[in-house]
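Contents: one structure, followed by commentary.
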Amino acid sequence: MVSEETLLIFKNHGEDMATATKSNTVIEDTGILLDAGTNEAEILVFVVGNSRYGVNVAKVREVLTIEGVTKVSQSHPAVEGVVQIRDQVAPLVCLHRFLEGEDAPPEADETMILLDFNNQMVAFRVKSVDRIFRVSWERTRPVPSLVGSNVPVTGIIELANTLVQILDFETITAVITDAINDSCNPDNQISVESNFANKPIVFVDDSMTISRMVLDSLRSYGFTNLKNFNDGLEAWTYLSQVAGATTSDQIRDQVAAIITDIEMPRMDGFSLTKKIRENSVLQDLPVILFSSIVSSDNEKKGRQVGASAQLTKPKYDELTKHLVDLLSASAT
């Protein structure tokens, strides 16, 4: 049973935040982000091994002391077992072992970060928790090609004079649970009508693994004209160039719909959607937010910036259904 001594509690992912200390670790209350389209996020920084990593606070449920780990058989080498957190049970992953290999020793500290995203909860053992930083996504840079592929990172940002890597927890969890391979059920696939198959679809996501799976899924449903971008700024540069060369009556020949993640380097999905809605040529295009952090609070933000639909990863069948429905509606 996990101790009731909570190091940090997030209530409803941002409605309230309590500060606490453990040894020399300080979690700072930086307030909450109420407005959508500000291109800001709050990043919880933590230490694994000798490196500092970050995760969007929107994914964090609690930071807790580890107690009472129950071993499980036939699991990924990085999975230590499961822990009970009040009425919930979650797998406990040794993040050091996942990142450095199964021969890496577990962290000595008994701290875990409980994440809640993609409608699942997973706990990660870390060496220590540093603090929360409010940042602009503009300061986050996409991962350069020289970064090793063994560490799933979506972006890098300098905080307190130190480089912090934003971990791709979607990929980490998918590797551990094989969720990516099972998320698309071919028996339930939607057959895309031939008049929709060649519609130009823009897809934006910073995770290479998720991008590959979504694009493969859309192709398996029959979509053939897909344009993929790694962050919101890259997508917006393309969209604004297209908008400058055409009219609102002809834009759907170049872009029929946009599917975008929310948290991304340089420009997030809320800001991208807001810019689309403010552009006279692009403003009526369907925009689907497809993210691991579609909480009730973020749904309000999605509505605020004018998203056409908001879906939780990795529901590929549901994504395709909404995409077809929106294309059908825009064609009438």
Side-chain angles (χ1 to χ4, degrees), residues 36-37 118-119 183-186 188-206 210-211 213-229 231-232 234-236 238-240 242-243 246-264 267-296 298-332:
N118 286 350
N119 292 322
S183 59
C184 181
N185 184 351
N188 296 326
Q189 286 188 5
I190 301 164
S191 177
V192 176
E193 296 179 14
S194 58
N195 58 319
F196 289 151
N198 197 42
K199 292 287 186 181
I201 308 300
V202 169
F203 175 68
V204 195
D205 199 297
D206 59 343
I210 298 298
S211 292
M213 296 308 300
V214 171
L215 293 171
D216 287 349
S217 175
L218 290 173
R219 291 188 185 101
S220 72
Y221 294 137
F223 288 101
T224 59
N225 191 353
L226 303 172
K227 292 179 172 32
N228 179 215
F229 299 95
D231 62 66
E234 187 181 32
W236 174 244
Y238 169 77
L239 290 170
S240 58
V242 171
T246 188
T247 65
S248 56
D249 294 333
Q250 299 174 332
I251 186 62
R252 283 177 173 79
D253 294 333
Q254 304 297 320
V255 180
I258 300 105
I259 303 168
T260 178
D261 191 13
I262 292 178
E263 49 174 346
M264 297 179 292
M267 182 184 295
D268 65 15
F270 291 137
S271 297
L272 175 61
T273 304
K274 184 178 180 181
K275 285 182 174 294
I276 291 169
R277 293 294 178 245
E278 291 173 346
N279 185 283
S280 60
V281 175
L282 304 170
Q283 61 185 358
D284 294 327
L285 291 177
V287 180
I288 300 175
L289 294 178
F290 189 55
S291 172
S292 61
I293 56 171
V294 180
S295 62
S296 58
N298 280 331
E299 282 183 330
K300 294 176 185 177
K301 295 179 182 180
R303 291 193 296 270
Q304 183 181 340
V305 296
S308 308
Q310 302 180 68
L311 303 172
T312 300
K313 296 176 181 177
K315 298 179 179 179
Y316 302 136
D317 292 336
E318 191 173 344
L319 173 64
T320 304
K321 180 180 183 304
H322 276 77
L323 178 58
V324 170
D325 289 344
L326 288 169
L327 291 174
S328 299
S330 62
T332 58

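Residues: numbered from 1 along the sequence shown.
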If the condition is side-chain contact (heavy atoms from CB on, under 4.5 Å), which residues does [X] pass it with, not counting sequence neighbours?
X: Ala243; result: Asn279, Val281, Leu282
X: Gln283; result: none
X: Ser280; result: none
X: Ala235; result: Val204, Phe229, Leu272

Asp268 and Ser271: side chain donor to acceptor below 3.5 Å: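 On atom types as modelled, these side chains qualify, holding a pair under 3.5 Å.
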[X] to [Y] - nearest heavy-atom pair and separation:
X: Ser211; Y: Asp205; value: OG-O, 3.3 Å
X: Ile201; Y: Ala256; value: CD1-CB, 4.3 Å
X: Tyr316; Y: Val214; value: CE2-CG2, 3.4 Å
X: Gln310; Y: Glu299; value: NE2-O, 3.0 Å
X: Trp236; Y: Met267; value: CB-SD, 4.0 Å
X: Gly269; Y: Leu289; value: O-CD2, 4.0 Å

Indicate yes or no: at least one non-hydrogen side-chain atom of [X] is less than 4.5 angstrom from one of [Y].
X: Leu226; Y: Phe203; result: no
X: Arg252; Y: Ser330; result: yes
X: Ile259; Y: Leu218; result: yes
X: Lys274; Y: Gln304; result: no

Side-chain donor or acceptor of Asn298 paired with backbone N/O of Ile293 under 3.5 Å: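 Present.
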Spacing of [X] atom [atom1] and [Y] atom [atom2] [to the nearest 0.5 Å]:
X: Leu323; Y: Phe223; atom1: CG; atom2: CZ; value: 4.0 Å
X: Thr312; Y: Asn119; atom1: OG1; atom2: CG; value: 5.0 Å
X: Ile258; Y: Ile276; atom1: CD1; atom2: CD1; value: 4.0 Å
X: His322; Y: Thr320; atom1: NE2; atom2: OG1; value: 11.0 Å
X: Leu311; Y: Ile288; atom1: CG; atom2: CD1; value: 6.0 Å
X: Leu239; Y: Gln254; atom1: CG; atom2: CD; value: 11.0 Å

Under the salt bridge (Lys or Arg N to Asp or Glu O under 4.0 Å) rule, collect the residues that match up with [X], sequence neighbours excluded.
X: Asp325; value: Lys321
X: Asp253; value: none
X: Asp261; value: Lys313
X: Arg219; value: Asp216

Results of side-chain hydrogen bond (donor to acceptor under 3.5 Å, both in side chains) for [X] - residues two or more places apart only:
X: Asn118; value: none
X: Ser308; value: Arg277
X: Thr224; value: Asn198

